[in-house]
Structure formats: C-alpha cells, structure tokens
Amino acid sequence: EVLDALGIAINCRYLYKTDSKAIKNLRRGKLNLLAYEDYMGRAVKKFLQEEYGALFMDMAFPVGVSQSAEWVRWLGRFFSRSDEAERIVERQEERYWDEIKRIRPILQGKKLMVITYSHHIDWILKTAIDLKMEISFIGVLNYSQDDLFQTEFTTEIKELSIEYDIQNRKKDIARIQP
C-alpha cells in the first residue's frame with residue numbers, strides 16, 4: 001500500500017511468492033528492501049551485495065509508528081517523492097493517535113509484562129508509553145543469533161531481565177500481576 005502510494009513498483013519478491021522469471025529479474029530493481037534484519041536476512045543481503053553489487057535500503061521493513069515514518073521518509077528521499085512520503089506519514093500518524101486516544105481509557109495505568117526473544121521492542125514500549133501504561137517487566141530470552149537488547153526507554157522500564165529464564169514466567173506473572 002505504501003509503495004503503491006509512492007508510485008514504486010515491486011520488481012521481485014525474493015523468496016516470498018516468487019518464481020524463476022522474477023528471480024532472473026532480481027537485479028533490475030533499483031533498490032532492495034530487506035524484510036527482516038535477522039540472521040538469515042543479513043546473510044542473504046550480504047551474499048547479494050558481495051556477489052551482485054545489490055543496493056539495499058539501510059533498514060528492514062519497519063515495525064511501529066516511529067520506524068514506519070522513518071522508513072517511508074527514507075524511501076521518499078531515495079525516489080525523489082518526499083512530498084508524497086510526508087503525506088503518507090501524516091495520515092498514518094493521525095490514524096495511530098486516533099487509535100491511541102480510543103483505547104487509552106481502557107489500558108491507561110495497566111501493567112505491561114513482555115517476555116520476548118526479540119531484542120528490538122521499542123515499538124511496543126513506545127505504544128505502551130503513549131497509552132500511559134506501566135512497563136512493569138521485560139524478560140529477554142536468550143537467542144544467540146540476534147543482536148544485544150537495546151532500548152531508548154530504559155527509564156520507563158520498572159524491571160528488566162536480560163537472558164530471562166522462561167521457567168520463571170508463572171512465578172513472575174503471579175508476582176507482577178500484569
């Protein structure tokens with residue numbers, strides 16, 4: 001939807017819903033977009049860059065409103081469609097805040113507990129903060145192929161456990177009562 005609104009056509013979706021003809025045309029695209037910045041995504045990106053000189057966008061598909069705005073603006077600059085990109089961002093941010101206002105009365109003051117393999121959860125934390133929820137507990141499970149956990153919201157997290165032991169989940173739920 002966003003690419004269509006920017007007037008950007010998809011040349012090839014590698015590997016998802018693709019065929020050999022599309023793969024043969026893979027290098028015709030001006031820019032490659034990485035769906036996931038995980039171990040396998042980085043490996044495929046590195047291979048295509050080294051073997052074929054493929055140009056990739058600096059970030060993978062976005063998650064959350066902040067990353068989405070940054071992603072759309074980057075594409076807008078790259079394809080000289082900044083005005084269209086800004087209109088898309090404004091519409092999406094308006095939809096986001098309308099939804100936040102709608103559900104804030106239900107979730108405001110509630111405790112949030114997140115147990116996750118993902119090391120990139122600021123999109124969840126930002127939404128919780130916008131909803132005026134209490135970020136009571138974050139438990140990060142060990143996943144050796146991912147990067148180290150990072151967040152810009154450390155002061156808002158009441159308790160953080162890196163390399164969380166899933167065996168503690170029931171005890172922590174009873175203790176925290178999210």
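Owing to the predicted nature of the structure, the values given are computational and were not obtained by experimental measurement.
Ion pair Arg95/Asp98 not flagged as a salt bridge, since none of the NZ, NE, NH1 or NH2 atoms sits closer than 4.0 Å to an Asp/Glu carboxylate oxygen. By the 4.0 Å N-to-carboxylate-O rule, Glu86 lies close enough to Arg73 to be salt-bridged with it. Ion pairing between a basic and an acidic side chain is recognised when a charged N comes within 4.0 Å of a carboxylate O; Glu99 and Arg102 show such pairing.
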### Task
Could you walk me through whether Val65 and Thr127 pass the side chain to side chain contact (heavy atoms under 4.5 Å, CB included) test, one step at a time?
CA-CA 9 Å; Val65 70; Thr127 303; 5.8 Å; no

### Message
Quick one, Lys126 with Ser66, criterion side chain to side chain contact (heavy atoms under 4.5 Å, CB included). Give me CA distance, side-chain angles, the key distance, then yes/no.
### Response
CA-CA 9 Å; Lys126 180 196 180 326; Ser66 298; 3.3 Å; yes

#### Entry: Audit row: His119, Val140, side chain to side chain contact (heavy atoms under 4.5 Å, CB included) steps and yes/no
CA-CA 7 Å; His119 289 221; Val140 182; 3.7 Å; yes

### Task
Let me see the working for Leu31 and Ile8 under side chain to side chain contact (heavy atoms under 4.5 Å, CB included), right down to the final yes or no.
CA-CA 10 Å; Leu31 178 69; Ile8 300 169; over 6 Å; no

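The aromatic ring centres of Phe137 and Tyr164 sit less than 6.0 Å apart.
Residues forming a ring-ring contact (aromatic ring centres under 6.0 Å, His included) with Trp74 (at least two apart in sequence, or on another chain): Phe78.
With a 4.5 Å cut-off on side-chain heavy atoms, Leu33 and Leu75 count as touching. In this structure, the side chains of Thr154 and Leu160 stay at 4.5 Å or more apart for every pair of heavy atoms. Two residues are said to be in side-chain contact when any heavy atoms from C-beta on lie closer than 4.5 Å; Leu112 and Ile124 meet this criterion. Counting heavy atoms from C-beta on, the side chains of Asn32 and Leu34 never come closer than 4.5 Å.
Summarising the geometry, atom CZ belonging to Arg104 is positioned 6.0 Å from atom CH2 belonging to Trp97; distances are rounded to the nearest 0.5 Å. Atom CD1 of Ile157 sits about 4.5 Å away from atom OG1 of Thr151, to the nearest 0.5 Å. Arg169 CZ to Ile115 CD1: the interatomic distance, rounded to the nearest 0.5 Å, is 6.0 Å. Between atom NZ of residue Lys158 and atom CE of residue Met113 there is a gap of 15.5 Å, rounded to the nearest 0.5 Å. Expressed to the nearest 0.5 Å, how far CG of Asn168 lies from CD1 of Ile173 amounts to 11.0 Å.
Here the closest heavy-atom approach between residue Glu152 and residue Asp122 is recorded as N-OD2, 3.0 Å. Listed here is the closest heavy atom pair of Val2 and Ile88: O-CD1, 4.0 Å. Shown here for Gly76 and Ala85, the closest heavy-atom pair between the two residues is CA-CB, 3.8 Å. Considering all non-hydrogen atoms of both residues, Ala35 and Ala60 come closest at O-CB, 3.7 Å. The two atoms that bring Glu1 and Gln92 nearest to each other are OE2-NE2, 4.5 Å, heavy atoms only.
Hydrophobic clustering (ILVMFWY, side-chain heavy atoms < 4.5 Å, transitive): Leu55 and Phe47 are in distinct clusters. A single hydrophobic cluster is seen to contain both Phe61 and Val72, as judged by linkage of ILVMFWY side chains at heavy-atom distances under 4.5 Å, directly or through other members. Neither Tyr39 nor Tyr36 shares a network with the other; the hydrophobic side chains, linked directly or stepwise wherever heavy atoms of I, L, V, M, F, W or Y lie under 4.5 Å apart, form separate groups for each. Criterion: ILVMFWY side-chain heavy atoms under 4.5 Å apart, direct or through other members. Under it, Ile10 and Trp71 are part of a common hydrophobic cluster.
Shown are Ile100, Asp130, Leu131; of these, the side-chain contact (heavy atoms from CB on, under 4.5 Å) with Leu107 is made only by Leu131.
The backbone N or O of Gln177 sits nowhere less than 3.5 Å from a side-chain atom of Lys111 that would complete a donor-acceptor pair. Using a distance-only test at 3.5 Å, with no hydrogens or angles considered, a donor-acceptor pair links the side chain of Gln67 to the main chain of Val63.
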